[in-house]
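Shown next, in structure tokens, is the structure this report addresses.
Computed over heavy atoms, backbone and side chain alike; hydrogens, waters and symmetry mates excluded. Counting from 1, the numbers follow the sequence of the chain as shown.
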Amino acid sequence: MLHHVEINVSNLEEARLFWDELLLGLGYSLYSEWGAGVSWMYEETYLVFVQTEARFLEAGYHRGHTGLNHLAFHVERRADVDWWTAKFREQGIPILYEDRHPFAGGPNYYAVFAEGPDRMKVELVAKEKDQKI
């Protein structure tokens, strides 16, 4: 069982706007918050986002470098993927692999891949199995 994941972010306020809406919408609860960070919990696992110290900001983040590539979450239905896709678009959040959306992961893999703060990839995958559309 995964206990927690901690991610440093370049702008905690911006990250908080994105992650707060997404994680609360996925059923997480606000777990802890302090001046330099915030965390949300789902069952026994929590995600922590911490402001990167100024001395480390210059290096930046890129999902293609060594380290965390993306976070993927389950959603129940394909309709949930569609709802989040529309929500991301409304907010100007880039949808990745737009030309293959919502089957960028394959013909039986219904998901949205989006780019959140610091260009971190977020994936929402429908648990609902292959249904003809």
Between Tyr110 and the options Val75, Val125, Asp82, the side-chain contact (heavy atoms from CB on, under 4.5 Å) test singles out Asp82
Residues at least two apart in sequence or cross-chain that pass ring pair (Phe, Tyr, Trp, His ring centres under 6.0 Å) with His62, listed by chain then number, are His65
Sorted by chain and residue number, the side chain to side chain contact (heavy atoms under 4.5 Å, CB included) partners of Lys87 (sequence neighbours excluded) come out as Glu21, Trp83, Trp84, Glu90, Gln91
Residue pairs passing the salt bridge (charged side-chain N to carboxylate O under 4.0 Å, His left out) test with at least one member in residues 41-54, sequence neighbours excluded, are Glu53-Arg55
Shortest non-hydrogen pair, Leu2 vs Thr45, comes out as O-OG1, 2.6 Å
Could you pull out all donor-acceptor pairs under 3.5 Å where a side-chain atom in residues 25-32 meets a protein atom, sequence neighbours excluded?
none

Between the NE2 atom in His74 and the CG atom in Leu124, the distance rounded to the nearest 0.5 Å is 11.0 Å
Between Ala104 and Phe113 the two heavy atoms that sit nearest each other are CB-CE1, 3.7 Å
Problem - Tyr97 OH: over 12 foreign heavy atoms closer than 6.0 Å - result: yes
By side-chain hydrogen bond (donor to acceptor under 3.5 Å, both in side chains), Asn11 pairs with (sequence neighbours left out) none
For Arg77, the side-chain hydrogen bond (donor to acceptor under 3.5 Å, both in side chains) test, sequence neighbours excluded, returns Asp80
TODO: Say whether Trp34 and Leu47 are linked into one hydrophobic cluster, either directly or through other cluster members, by side-chain heavy-atom distances under 4.5 angstrom.
DONE: no
For Ser39 and Val48 the tightest heavy-atom approach is CB-CG2, 3.8 Å
In short, Phe49 meets Trp40 closest at the heavy-atom pair CD1-CZ3, 3.4 Å
- [ ] State yes or no: do Phe73 and Val5 share one hydrophobic cluster built from I, L, V, M, F, W and Y residues joined by side-chain heavy-atom distances below 4.5 Å, directly or via other members?
- [x] yes
Would you check if Leu71 and Ile7 make a side-chain contact, meaning some heavy-atom pair closer than 4.5 Å? yes
With sequence neighbours left out, the residues meeting side-chain hydrogen bond (donor to acceptor under 3.5 Å, both in side chains) with His70 are Glu123
Would you kindly confirm whether Trp19 and Leu68 end up in one hydrophobic cluster when ILVMFWY residues are joined by side chain heavy atoms under 4.5 Å apart? yes
Minimal heavy-atom distance between Leu22 and Phe88, with the atoms involved, is CD1-CZ, 4.2 Å
To the nearest 0.5 Å, atom NE2 of His101 lies from atom OG1 of Thr85 at 3.5 Å
What one should report as the nearest heavy-atom pair of Thr52 and Phe56 is CG2-CB, 3.7 Å
- Counting only N and O atoms by type, is there a donor-acceptor contact under 3.5 Å from the side chain of Tyr61 to the main-chain atoms of Asn8? no
Taken in chain and number order and not counting sequence neighbours, the residues that satisfy salt bridge (Lys or Arg N to Asp or Glu O under 4.0 Å) with Asp118 are none
So the salt bridge (charged side-chain N to carboxylate O under 4.0 Å, His left out) pairs with at least one residue in residues 59-73 (sequence neighbours excluded) are Arg63-Glu115
Quiz item: Is Met120 linked to Val50 within one hydrophobic cluster, defined over Ile, Leu, Val, Met, Phe, Trp and Tyr using a side-chain heavy-atom separation of less than 4.5 Å?
Solution: no
Residue pairs meeting salt bridge (charged side-chain N to carboxylate O under 4.0 Å, His left out), one or both in residues 2-16, sequence neighbours left out, come to Arg16-Glu33
Would you say Val38 ends up clustered with Leu24 if hydrophobic residues are merged whenever their side chains have heavy atoms under 4.5 Å apart, either directly or through other cluster members?
yes
Members sharing Leu57's hydrophobic cluster, built from side-chain contacts under 4.5 Å between Ile, Leu, Val, Met, Phe, Trp and Tyr, are none
| Are Tyr109 and Phe103 close enough that their ring centres sit under 6.0 Å apart? | no
With sequence neighbours left out, the residues meeting side-chain hydrogen bond (donor to acceptor under 3.5 Å, both in side chains) with Gln51 are none
